[in-house]
Amino acid sequence: MSKKWKIAGGAVVVLLLLGVAGSCGADEETELGRPQADPLKPEWVGTVVSTDVDSNRLPTADIDFGTSTRRITLARVKAPSCGGDGDRAAQALRTRLADLLPAGTAVRVARASSRSFSTTMLDSSSGYVFTSAPLAATTTATLTTTAAPTSISSPAPAPSTTTASAAGTSTAPAVGGSANEVLLAEGHGSITKPDLDFSIAASKPLNEQITAATRDTADDTAQFALLVSAAQSAWDSSAGSQAACRITDQPRADEKLRRDEEERIRREQQAHLDALRAGEDGQIGTSDDDETRYYYDADGNLDVRPDYSSPSYSGGDGGGGGGGGESRFCSKRWWC
């Protein structure tokens, strides 16, 4: 009887050892290394449990990091909200996010960072999500009528350096090919925190917006440049949900183009008037200045205003007031 108990006890011990070994092995069996969410490390490794778009229109992924499951927001991405297309845009983002990060996918999260005074802080709830191989965007452009797309000097998307050694541990930080970048490149997301205005009617040039934004991106500068490039490409090509945003922006863009054209014509006309005034030597204020009062009428035609101070001009037959006096409005100014 005791022998049987010994055998049974030995079998239980073996099963327990196998179970422990199996569970340890399971923690290590991801393509990107052992699951972990070490608060001191800039990158975490885990497995996707589920994805969604939250009530703030931000894409999220619930990720199992081995010892805990956390909800990670995909940094600097949100669902577009343009015109009446907001709900459809959020659903399109939700669907594409699930395609990119299906449940069970091994992922690496490069934690987002921010700067407070001189201190860089790592975020425990948002980051850039990578799979074992760089993700690639597939886009279908919808052209709009807005002219003059914006341009910036952001670098082109870099090849991913997300790699794993033979032992299954990461050897280089992730750079290109994140789910964040793909969602923006395909037009399913808009860049946020900070928001950027890619319209030609933006109150500030895009380069100035980027310069101001990068002061607070801390260690995210390389990632942010890739996201800007992806988002701008989607805007310029009206990809995905950005098509609705371009249509919404069209009246503002048209008005900006109209004002710019008016300003261009005004400058050209003024330059021509200055040249006429300057005479042959090209200098205003010299003896050969042309005092003729040239001007452009409302139709853009060059004309000459009457010289009200000339003795040959008569303003009427009353009291001789037209001949010798000079116009109180023009006073011999050449541009009148």
Side-chain angles (χ1 to χ4, degrees), residues 46-63 69-112 123 125-131 133-144 154 157 160 174 176-199 213 217 220 223-249:
T47 303
V48 174
V49 176
S50 63
T51 58
D52 200 1
V53 174
D54 68 16
S55 59
N56 294 317
R57 309 179 66 79
L58 303 177
T60 65
D62 289 347
I63 300 175
T69 297
R70 300 187 182 216
R71 176 159 295 178
I72 299 296
T73 300
L74 277 68
R76 308 191 192 283
V77 180
K78 67 177 179 181
S81 180
C82 302
D85 204 42
D87 291 342
R88 186 167 62 177
Q91 183 56 44
L93 175 60
R94 182 179 290 109
T95 300
R96 184 56 176 142
L97 179 60
D99 290 341
L100 292 170
L101 302 175
T105 302
V107 293
R108 177 187 294 182
V109 178
R111 298 166 64 188
D123 198 328
S125 61
S126 71
Y128 307 91
V129 182
F130 299 83
T131 58
L135 296 169
T138 57
T139 60
T140 301
T142 302
L143 298 180
T144 66
S154 297
S160 173
S178 68
N180 313 50
E181 185 182 348
V182 170
L183 292 171
L184 291 175
E186 294 179 347
H188 296 302
S190 294
I191 197 164
T192 187
K193 294 185 179 180
D195 294 347
L196 296 178
D197 187 351
F198 294 100
S199 172
T217 54
D220 289 12
Q223 295 288 357
F224 183 64
L226 293 176
L227 298 190
V228 170
S229 180
Q232 186 192 4
S233 176
W235 173 268
D236 289 344
S237 63
S238 296
S241 298
Q242 296 303 320
C245 294
R246 290 291 298 273
I247 292 171
T248 301
D249 183 67

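Starting from 1, each residue takes its place in the sequence as its number.
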For the pair Thr73 and Asn56, evaluate side-chain contact (heavy atoms from CB on, under 4.5 Å) and give the outcome as yes or no after the intermediate values.
CA-CA 11 Å; Thr73 300; Asn56 294 317; over 6 Å; no

side-chain contact (heavy atoms from CB on, under 4.5 Å) between Leu196 and Arg76, intermediate numbers included
CA-CA 11 Å; Leu196 296 178; Arg76 308 191 192 283; over 6 Å; no

Steps toward side-chain contact (heavy atoms from CB on, under 4.5 Å) verdict (Asp195, Lys78):
CA-CA 10 Å; Asp195 294 347; Lys78 67 177 179 181; 3.6 Å; yes

Can you check side-chain contact (heavy atoms from CB on, under 4.5 Å) on Gln223 and Thr217, steps first, answer last?
CA-CA 9 Å; Gln223 295 288 357; Thr217 54; over 6 Å; no

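The number of heavy-atom neighbours closer than 6.0 Å to CG of Asp99, taken from other residues, nucleotides and ligands shown, is above 12.
Put simply, the side chain of Phe198 does not reach to within 4.5 Å of the side chain of Ser190, judged on heavy atoms. Within the 4.5 Å cutoff, the side chain of Val109 has no heavy atoms near those of the Arg70 side chain. The closest side-chain heavy-atom distance from Asp249 to Trp235 is below 4.5 Å.
Here the side chain of Asn180 pairs a donor or acceptor atom with the backbone of Ala75 at under 3.5 angstrom. Formation of a donor-acceptor pair under 3.5 Å by the Glu186 side chain with backbone atoms of Glu181 is not found in this model. Side-chain N or O atoms of Arg111 include one that pairs as donor or acceptor with a backbone N or O of Asp123 at under 3.5 Å. In this structure, the side chain of Asp52 does not engage the main chain of Arg94 through any donor-acceptor pair within 3.5 Å. Not one N or O on the side chain of Ser229 forms a donor-acceptor pair closer than 3.5 Å with the backbone of Ala225.
For the pair Pro80 and Gln242, the tightest heavy-atom approach, listed with the atom from each and the gap, is CG-NE2, 3.7 Å. Of all the heavy atoms in Arg246 and Ser237, the pair that sits closest is NH1-N, 4.4 Å. Considering every non-hydrogen atom in both Leu58 and Val77, the closest pair reads CD2-O, 3.5 Å. Taking each heavy atom of Ala239 and Ala185 in turn, the nearest pair found is CB-O, 4.2 Å. Minimum interatomic distance between Tyr128 and Ser178 (heavy atoms only, all atoms of both residues): CB-CB, 4.4 Å. When all heavy atoms of Gly127 and Ile72 are compared, the closest pair comes out as N-CG2, 3.9 Å.
Legend: residues meeting side-chain contact (heavy atoms from CB on, under 4.5 Å) with Arg57, ordered by chain and number and at least two apart, are Ala79, Ser81, Ala89, Ala90. For Ser233, there are no side-chain contact (heavy atoms from CB on, under 4.5 Å) partners, not counting sequence neighbours.
Taking CG of Leu97 as the start and OG1 of Thr60 as the end, the distance is 7.0 Å to the nearest 0.5 Å. Note: Leu93 CG to Thr51 OG1 = 9.5 Å, rounded to the nearest 0.5 Å.
Partner Leu184 forms a side-chain contact (heavy atoms from CB on, under 4.5 Å) with one of Leu226, Val228, Leu227 and no other, that one being Leu227.
At a threshold of 4.0 Å, the pair Arg71-Asp54 does not count as salt-bridged, since none of the basic side-chain nitrogens sits closer than that to a carboxylate oxygen.
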